[in-house]
Each structure stands twice: as C-alpha cells, then as structure tokens.
2 protein chains.
Amino acid sequence: MSKLPVVDASLACCAPLSDPALSEQEAAELARVFKALADPVRLRLLNLIASQEGGEACVCDLTGPFELTGPTISHHLKVLRQAGLITGERRGTWVYYQVIPEALTRLSGLFALPALTSA
Amino acid sequence: MSKLPVVDASLACCAPLSDPALSEQEAAELARVFKALADPVRLRLLNLIASQEGGEACVCDLTGPFELTGPTISHHLKVLRQAGLITGERRGTWVYYQVIPEALTRLSGLFALPALTSA
DNA sequence: CATCTAATTTGACATCCATCTAGTCAGTGA
DNA sequence: TCACTGACTAGATGGATGTCAAATTAGATG
C-alpha cells in the first residue's frame with residue numbers, strides 16, 4: 001500500500017511549461033502524472049476524494065458511483081497512487097484515500113503563465 | 001488545419017477538482033485534454049512552443065529536437081490541436097504553432113486548492 | 001479455527017495508441 | 001507546367017491500457 005514505485009515529486013515539478021528546456025526526464029515524469037489523469041474514471045475518483053468532507057474517502061464509497069467492478073476501481077486507485085496524486089491508508093477493515101495537496105499545487109504552477117511580459 | 005473536432009473549452013473547464021460533482025461529461029472532456037498531455041514528446045513540443053520567443057514555433061523547428069520522423073511529430077501536433085491546447089497556422093511554405101493561453105490558465109485553475117477552509 | 005466482508009492481485013482479452021513507411025497535398029520558383 | 005520542399009494523411013504493426021472473472025490477502029467476529 002505504501003511502498004510503490006511512485007513518481008518522484010522532486011522531478012515532475014515546479015517550473016511553468018512556458019519556461020525553456022523541459023528535459024527529457026522531466027517530460028517523462030510529467031507524462032506519467034498526466035497519464036494517470038487521462039481517464040474519466042480516475043478524474044472522477046480524484047474529484048470524489050478531493051471533494052469529500054474531511055478530505056478522505058473510503059474505497060467502499062468510491063465503488064458505488066461507477067458501473068465498474070471492485071478490481072477495476074482498485075486498479076484506478078493504484079494508478080493514481082503510483083502517480084503520486086493520492087495516498088491510501090488502511091484503518092481496520094476499510095481503506096481510506098486522500099489527495100496529496102502538493103501534487104495538485106505543483107500541477108497548478110506548471111500551467112501558470114509568465115505574466116505576459118510583453119517584448 | 002483549423003476545423004477539427006476540438007474539445008469544447010466551455011466544458012473541460014474552470015471549477016477546481018476539489019469542487020463537488022464533476023459530471024461524467026466534464027470528466028470525459030477533461031480526460032481528453034490530459035490524454036493529450038500524457039506523452040513526453042507532446043509535453044516537450046508544448047514546452048518548445050510555449051517557450052519560444054514570439055510565442056510561436058515552426059514545425060521545421062520542432063522536428064530537429066526529436067529522433068522521430070516528420071509524420072510522427074505531425075501526429076503529436078494534431079493531438080495537441082484537437083485537445084484545444086495549441087493552434088496552427090500556415091504562412092507560405094511553413095506552418096506555425098502557438099499555445100492557447102486560456103487552455104493553460106483553465107488547467108491551472110483546475111488544480112487550485114480551496115484555501116484550506118478548515119471545518 | 002471458521003467464516004464473512006473489504007480490498008487487492010493475477011491473468012486474460014479486447015481495444016487503443018505511438019511509431020513507421022509510403023503516398024498526398026500545398027506553396028514556391030525556375 | 002514541372003520540379004522541389006514542407007507538412008500532412010493513410011495504412012500497418014508492436015506495445016500499452018482498461019476491464020473483467022477468479023483467486024488471494026487483511027481484519028473482524030462468532
């Protein structure tokens with residue numbers, strides 16, 4: 001649950017897309033994050049978790065809204081986890097997921113535009 | 001070049017991911033945008049275009065940095081175009097691409113966090 | 001221990017996607 | 001008109017990915 005080949009947050013990071021010279025490695029890391037976001041089910045899962053009161057959601061609450069089997073939801077949660085977007089924790093019988101706020105903030109900054117510094 | 005089945009900007013839009021109830025349709029539209037971003041080559045293309053002086057890049061400048069054939073680059077540019085992220089324009093012999101700033105701004109807002117309004 | 005439930009893993013399968021080669025279209029200029 | 005160049009389209013192919021059924025693991029409880 002906790003030790004997975006997760007995306008290194010120090011790489012897929014920080015500098016806006018409009019900055020020069022995104023390295024191949026940075027691009028690869030970022031692509032991994034966007035691959036995780038490139039699925040409607042995963043987007044809705046992320047939305048469901050992020051919009052929850054308390055900031056966390058049980059898997060049992062995440063299966064109902066979809067016409068998909070448990071294993072499929074589990075798979076999608078794993079992809080989001082490996083992308084460093086959410087984190088999961090078992091408490092008793094249930095597993096609870098939360099978004100990692102830093103991950104979202106990082107992405108927000110990526111799309112920031114450089115304040116139109118007119119030539 | 002200009003009339004393609006592009007993502008409708010009015011949908012894949014605006015409200016932060018942490019807002020409740022992302023609809024299935026919105027999720028599908030957003031997923032299309034992220035699919036476009038979910039490739040290292042396309043991320044670097046977008047970065048190359050966005051970081052260019054003058055805000056635009058000729059296809060002829062975008063082929064060199066990659067060890068890929070022209071058609072493949074063309075394909076990636078088409079995907080970015082159909083996702084509403086860039087726009088292309090032919091001027092004489094060459095085709096120039098620019099990023100659509102609104103598209104990036106929209107994405108930036110999507111990942112904005114709701115200022116930690118503690119319960 | 002036996003059993004029940006929640007969640008994940010495994011393995012299979014159909015579909016999608018990045019890439020290439022070959023061919024085509026658009027614009028320039030002799 | 002013909003040839004040349006830049007860019008795109010079409011079709012094919014190998015690899016990645018979403019989904020499910022079946023099996024497995026982790027906790028709770030009798």
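In what follows, chains carry the letters A, B, and so on, assigned in the order in which the sequence lines appear, proteins first and then strands, with residues in each chain numbered from 1. From a predicted model like this one, the values you see are computed outputs, not experimental measurements.
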**Q.** Base versus backbone protein contacts along nucleotides 21-30 of chain D [heavy-atom cut-off under 4.0 Å; B, S, -]
**A.** BB---SSS--
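In this structure, CZ of B/F66 is placed 12 Å from P of C/dC20, rounded to the nearest angstrom. B/E67 has its CD atom 15 Å from the C1' atom of C/dC20, to the nearest Å. As rounded to whole Å, 15 Å separates atom C1' of C/dT21 from atom NE2 of B/H75. For A/R44 and D/dG18, the CZ to C1' distance is 15 Å, given to the nearest whole Å. Counting to the nearest Å, the P atom of C/dA18 and the CD1 atom of B/I73 are 12 Å from each other. When rounded to the nearest whole Å, the span between CG of B/L37 and P of C/dA18 equals 12 Å. The CG-P distance, from A/L62 to C/dT8, rounds to 10 Å in whole Å. Going from atom CD of A/E89 over to atom P of C/dT8 covers 13 Å, rounded to whole Å.
Distances shorter than 4.0 Å separate none of the side-chain N or O atoms of A/Y96 from OP1 or OP2 on C/dA6. A close approach under 4.0 Å does occur between a side-chain nitrogen or oxygen of A/Y97 and OP1 or OP2 of C/dT8.
Paired with A/Y97 under the rule side-chain contact (heavy atoms from CB on, under 4.5 Å), one option of A/E89, A/E56, A/R81 passes, and it is A/R81.
The nucleotide whose nearest atom lies closest to any side-chain atom of B/L77 is, among D/dT19, C/dA18, D/dC8, D/dC8. Side-chain atoms of A/R42 lie closest to D/dG18 of the nucleotides D/dG18, D/dT17, C/dT19.
Heavy atoms of A/H76 sit under 4.0 angstrom from primed sugar atoms or phosphate atoms, though from no base atom. Among the atoms of the strands shown, only primed sugar atoms or phosphate atoms (P, OP1, OP2) are found under 4.0 Å from some heavy atom of A/L68.
The nearest pair of heavy atoms linking A/G84 to A/I100 is O-CD1, 3.5 Å. Heavy atoms only, all atoms of each residue included: A/V33 and A/A83 are closest at CG2-O, 3.9 Å.
The backbone N or O of B/L46 lies less than 3.5 Å from no partner atom in the side chain of B/R44, so there is not a single donor-acceptor pair. For the pair A/R42 (side chain) and B/A31 (backbone), a donor-acceptor distance under 3.5 Å is absent.
Applying the side-chain hydrogen bond (donor to acceptor under 3.5 Å, both in side chains) rule to pairs touching residues 57-67 of chain B yields nothing, sequence neighbours excluded.
Atoms CD and CD1, from A/Q52 and A/I49 in turn, are 8.5 Å apart once rounded to the nearest 0.5 Å.
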